[in-house]
Each structure stands twice: as structure tokens, then as C-alpha cells.
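Structure, as C-alpha cells:
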Amino acid sequence: MPELPEVETVRLGLVPVLEGRVLAKVTARRPDLRIPLPPGFAKRLTGRRVVKLTRRAKYMLVHLDGDEILLVHLGMSGRFTVHGKVVGSFVHRAVDAENGLGAHDHIVFDTDAGQRVIYTDHRRFGLMTLLKASEQEAHKLLAGLGPEPLSAEFSAASLSKALEGKRTPIKAALLDQRVVAGLGNIYVCEALYRAGISPLRLAATIQSARLKKLVDAIKAVLRDAIKAGGSTLRDYKHTDGELGYFQHTFQVYDREGEACCTKGCKGVVKRVVQSGRSTFYCATCQR
DNA sequence: AGGGGGACCTGTGCGC
DNA sequence: TGCGCACAGGTCCCCC
């Protein structure tokens with residue numbers, strides 16, 4: 001589920017629930033996710049006011065009063081659900097009884113507005129930790145990240161520089177969060193398809209005109225996905241309060257054996273494995 | 001030093 | 001129906 005657009009959709013969905021609210025009660029129902037929760041995690045959060053929610057790559061940052069930040073990563077299967085009464089235009093399902101919590105509902109946030117936000121993560125690849133706002137730049141998990149793909153900093157010129165001398169396939173290079181931060185397996189496949197570039201091509205061998213096309217494709221595919229997430233949020237009252245899922249229309253991802261979507265292309269979508277992960281592409285129109 | 005592969009977890013879907 | 005295996009949208013750490 002969670003690449004940059006999904007994390008952004010989760011963030012946008014939580015803004016009306018959490019921003020400006022006090023965390024009246026926080027419960028950690030186990031001591032760890034992928035890594036241990038910091039000592040006194042729930043206690044340190046309880047009573048704090050949420051100032052704002054931001055995002056960096058696939059991380060969500062919950063800025064708290066007192067110069068502290070709750071850093072959240074959803075891993076592969078992390079999700080948030082919102083339970084409780086109407087806030088803004090969003091209608092959420094009724095608050096569950098305490099015994100309504102499931103085995104994988106690990107962290108529970110109750111706000112002073114009477115809403116409950118539950119973090120669920122059955123594979124526990126997600127993480128939550130606390131850091132000082134002043135440490136943000138230097139924090140181990142954030143320090144090495146490359147540019148935000150939707151920022152002006154991410155351009156054909158900067159990408160070209162990042163790929164210089166890379167003897168690795170472009171697919172692997174784009175998954176490297178130091179090159180560009182926030183792409184995952186799906187959107188890399190989709191962006192390479194839109195740009196007409198083979199995922200197998202060695203990163204450093206892509207000419208600048210095609211890099212420009214790739215950068216444009218990455219930005220476009222992310223914007224489209226965020227837009228799709230946003231329209232799902234607007235229809236929130238029709239859903240059950242689960243954040244981050246929306247109807248994707250992938251053109252190659254998970255379409256092995258299907259006809260290529262490109263007009264006039266007679267190709268069929270192939271699946272190959274690159275550094276242990278599935279890559280989907282059309283060998284006819286991606287060169 | 002950079003890159004590939006395994007490890008971390010649980011759930012699901014498929015073939016036999 | 002049941003069992004075992006492959007696979008899942010992420011990242012870290014170890015080793016070459």
C-alpha cells in the first residue's frame with residue numbers, strides 16, 4: 001500500500017482529526033513494531049497537542065508541542081483508521097468498544113474531541129519513534145534521503161548527477177531512497193512505463209532528453225495518484241474510515257500477460273524479478 | 001563503496 | 001479440504 005501518494009493521502013485524512021487536537025490518551029498495545037517503541041512512548045505522547053502533520057518521503061511527521069516529533073512509517077501493511085463522530089466534512093464509523101480492537105491494532109490515539117485513531121499493522125514492518133524537532137535534519141532515518149520527487153529540486157539535472165556512474169538498472173536506482181525519496185515498486189514501474197524506458201537499462205546510460213521525460217513521468221504519476229487519493233477522501237463518508245486506500249489505475253503493475261496499454265503497441269506486459277522484487281513492463285515500447 | 005541478498009513479520013492465493 | 005510454497009506496495013544490515 002504505502003508509497004508517497006498513499007502516505008500523503010493518509011496525512012491529508014488525519015489533518016482534520018489530529019491537527020490542533022490534544023492526544024488525551026495514547027495506548028501502545030505492544031512494545032515494538034519493526035523497531036522497539038522508544039521508552040515511555042505512550043506516556044510521552046499523552047497530553048501533547050498536535051501542531052501539524054507533514055510528510056517527508058514515505059514518513060509522516062506528527063509535530064507536537066514541546067519541540068517533539070512523532071515519526072511514523074507504514075512499512076508494507078501499516079494503516080490508520082479513524083473512529084468517532086463527525087469532524088469537518090468527514091464522517092467516521094462509530095467508536096469501537098475497547099474489546100473491539102484486533103490482534104494487529106497496535107497503537108491507539110484518543111483525541112480530546114472524542115475521536116479514536118487506530119494504527120494497525122499485521123506484518124509490523126512499520127515503525128514509530130520520537131525525535132526532537134531540532135534533530136530532524138540529522139536524524140538517522142531522514143538524513144540520507146534524496147530530494148522530494150515533487151519538488152523543484154528533483155530535476156533532470158539533479159537526477160543525472162545522482163545516477164552518474166551507476167552500474168545498476170534504473171529500476172533499482174529509482175527505488176534507492178538516496179536517489180529520490182518516496183518512490184516504491186509500483187510507481188517506479190508506472191513511471192518507467194510512462195517514460196518508455198526499460199527498467200533493465202543501466203542507470204548511467206540514459207541520455208538527458210530521456211531523463212527529462214522520466215522526471216516528468218515520475219512527477220505526473222505521483223500527482224495523479226495523490227489526486228485519486230484526494231477524491232477518495234472527499235467520498236470519505238462512503239467508506240469505513242480507513243485511510244490511504246484508493247482506486248488505482250495501473251498501466252503495467254500487476255498486469256503480467258495483459259496487452260500493453262500504449263496505443264498501437266502490440267506488446268504484452270512482462271514480469272521479471274530485479275533484486276528480488278517484481279518488475280512489470282512492456283519490452284516492446286520500453287527501451 | 002556500492003550493490004545484492006537475506007531478514008524482519010503475517011496473510012493470502014494458488015497448485016497439487 | 002488441506003498443505004506447502006510463492007508472493008506481497010519497505011527498509012536495514014551484512015557481506016562480497
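So you know, we letter chains A, B, ... as the sequences are listed, proteins then strands, and number each from 1.
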Does [N] have its OP1 or OP2 closer than 4.0 Å to a side-chain nitrogen or oxygen of [X]?
{"X": "A:Ser77", "N": "B:dT10", "answer": "no"}
{"X": "A:Arg124", "N": "B:dT10", "answer": "yes"}
{"X": "A:His104", "N": "B:dG11", "answer": "yes"}
{"X": "A:Tyr253", "N": "C:dG9", "answer": "yes"}

Euclidean distance for [atom1], [N] against [M] (whole angstrom):
{"N": "B:dG5", "M": "C:dC7", "atom1": "P", "answer": "14 Å"}
{"N": "B:dC9", "M": "C:dC3", "atom1": "P", "answer": "25 Å"}
{"N": "B:dG3", "M": "C:dG9", "atom1": "C1'", "answer": "22 Å"}
{"N": "C:dT11", "M": "B:dT12", "atom1": "C1'", "answer": "22 Å"}

Name of the residue among A:Val221, A:Asp176, A:Leu174 meeting side chain to side chain contact (heavy atoms under 4.5 Å, CB included) with A:Leu183: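 One option only clears the test, and that one is A:Leu174.
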Reference residue A:Phe109; test side chain to side chain contact (heavy atoms under 4.5 Å, CB included); the match among A:Leu14, A:Thr46, A:Val17, A:Val26: A:Val26
Does any part of the side chain of [Y], heavy atoms only, come nearer than 4.5 Å to the side chain of [X], both counted from C-beta?
{"X": "A:Leu145", "Y": "A:Tyr59", "answer": "yes"}
{"X": "A:Tyr119", "Y": "A:Thr81", "answer": "no"}
{"X": "A:Thr120", "Y": "A:Ile107", "answer": "no"}

For nucleotides 1-4 of chain B, tabulate all protein N/O to nucleotide N/O atom pairs closer than 3.5 Å, reporting atom names and distance.
{"residue": "B:dG3", "atom": "OP2", "partner": "A:Lys166", "partner atom": "NZ", "Å": "3.1"}

Paired nucleotide for C:dG2 [Watson-Crick or G-U wobble; both distances under 3.5 Å]: B:dC16
Counterpart base for C:dG9, defined by Watson-Crick or G-U wobble contacts under 3.5 Å: none
Please set out all donor-acceptor pairs under 3.5 angstrom arising from side-chain atoms of residues 274-282 of chain A, sequence neighbours excluded.
{"residue": "A:Gln274", "atom": "OE1", "partner": "A:Thr279", "partner atom": "OG1", "Å": "2.6"}
{"residue": "A:Gln274", "atom": "NE2", "partner": "A:Pro199", "partner atom": "O", "Å": "3.2"}
{"residue": "A:Ser278", "atom": "OG", "partner": "A:Arg271", "partner atom": "NH1", "Å": "2.5"}
{"residue": "A:Thr279", "atom": "OG1", "partner": "A:Lys171", "partner atom": "NZ", "Å": "2.7"}

Please give, in whole Å, the distance from [N] [atom2] to [X] [atom1]?
{"X": "A:Asp254", "N": "B:dG13", "atom1": "CG", "atom2": "P", "value": "13 Å"}
{"X": "A:Asp121", "N": "B:dC9", "atom1": "CG", "atom2": "C1'", "value": "9 Å"}
{"X": "A:Leu33", "N": "B:dC9", "atom1": "CG", "atom2": "P", "value": "11 Å"}
{"X": "A:Tyr119", "N": "B:dC9", "atom1": "OH", "atom2": "P", "value": "14 Å"}

Can you tell whether the side chains of [X] and [Y] come within less than 4.0 Å, N to carboxylate O?
{"X": "A:Asp110", "Y": "A:Arg116", "value": "yes"}
{"X": "A:Lys161", "Y": "A:Glu164", "value": "no"}
{"X": "A:Glu258", "Y": "A:Arg255", "value": "yes"}

Enumerate all atom pairs, one protein N or O and one N or O from nucleotides 10-16 of chain C, separated by less than 3.5 Å.
{"residue": "C:dG10", "atom": "OP1", "partner": "A:Lys58", "partner atom": "NZ", "Å": "2.9"}
{"residue": "C:dG10", "atom": "OP2", "partner": "A:Asn185", "partner atom": "N", "Å": "3.2"}
{"residue": "C:dG10", "atom": "OP2", "partner": "A:Arg277", "partner atom": "NH1", "Å": "3.1"}
{"residue": "C:dG10", "atom": "OP2", "partner": "A:Arg277", "partner atom": "NH2", "Å": "2.6"}
{"residue": "C:dG10", "atom": "O3'", "partner": "A:His73", "partner atom": "NE2", "Å": "3.4"}
{"residue": "C:dT11", "atom": "OP1", "partner": "A:His73", "partner atom": "NE2", "Å": "2.6"}
{"residue": "C:dT11", "atom": "OP2", "partner": "A:Lys58", "partner atom": "NZ", "Å": "2.7"}
{"residue": "C:dC13", "atom": "OP1", "partner": "A:Lys140", "partner atom": "NZ", "Å": "3.4"}

